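Here is the structure we will look at, set down as structure tokens.
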Amino acid sequence: MNTSPDPGSSSSASKAAPGRITGPDEAVEALVLGNERFLADSTDHPNHEAARRRGADGQHPFAAIVRCADSRVAPELVFDRTLGELFVCGVAGNVPTPEVVASLEYAVEMLETPLVVVMGHSGCGAVQAAIDHAENPDGLPGHLPDLIRQVLPACTETAAAAEHLSAAVERNVRNGMKRIADRSTLIAAAVEAGRCRIAGGVYDLTTGRFDFIRD
Ligand SMILES: [Zn+2]
């Protein structure tokens with residue numbers, strides 16, 4: 001990590017580890033600033049040696065991220081963070097399956113992670129597959145129908161949109177956020193207590209920008 005200040009920011013969140021990020025607002029800000037560094041090609045973490053050494057003492061990730069398994073979506077790079085800072089769960093279509101929700105619960109409850117982020121992305125193949133096979137998801141091979149069925153609601157709910165894929169990607173993120181809150185009383189309680197926030201956003205594969213979804 002270099003010690004130069006982040007351009008345009010005097011926030012405490014811009015000072016990366018070892019200062020621990022403990023609140024939802026600070027966590028969101030850290031991701032926003034990290035994405036700005038990624039976009040400017042001025043990352044704080046050209047190597048990860050110090051973080052690797054700290055890792056032996058445990059982990060304190062400040063954000064738990066549900067990302068698509070797509071190889072072009074890499075949270076540590078996109079948000080310019082290092083080892084031990086992001087608790088990343090990857091599944092095609094960034095679907096919060098029961099196992100993913102359990103993983104998020106581990107982060108929120110055991111690791112005191114203050115932010116949960118559902119991370120969709122432009123041009124998502126899983127969402128496109130759901131659009132293409134909306135009438136007959138069982139026509140897909142292997143276990144794919146089970147996964148695609150969970151993305152289908154976002155596609156049918158946005159069927160009238162001019163840009164169907166991008167609208168469905170955003171809706172799928174919103175549905176994921178809602179599903180996490182609905183399925184996990186534990187995380188919902190942490191949100192209610194102000195210890196955690198559930199957020200979501202879409203990563204643009206072309207520009208590298210991550211935009212949080214605003215209500
Ligand atoms: Zn995807």
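Whatever order the structure lists ligands and atoms in, that order sets their numbers, starting from 1. Remember, predicted model here, so these are calculated numbers, not experimental data. Residue numbers run from 1 in the order of the sequence given.
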Ring geometry between Phe210 and Phe79 (parallel below 30°, tilted from 30 to 60°, perpendicular above 60°): perpendicular

His60 side chain reached by Leu111 side chain, heavy atoms, under 4.5 Å: no

Min side-chain heavy-atom separation Phe212-Val28 under 4.5 Å: yes

Total protein N/O/S atoms whose distance from the Zn ion (ligand 1) is less than 2.8 Å: 3

salt_bridge(Arg183, Glu105) N-O dist < 4.0 Å: no

SB check Arg81 Asp44 (cutoff 4.0 Å): no

Non-neighbouring partners of Tyr106 that pass ring-ring contact (aromatic ring centres under 6.0 Å, His included), sequence neighbours left out: none

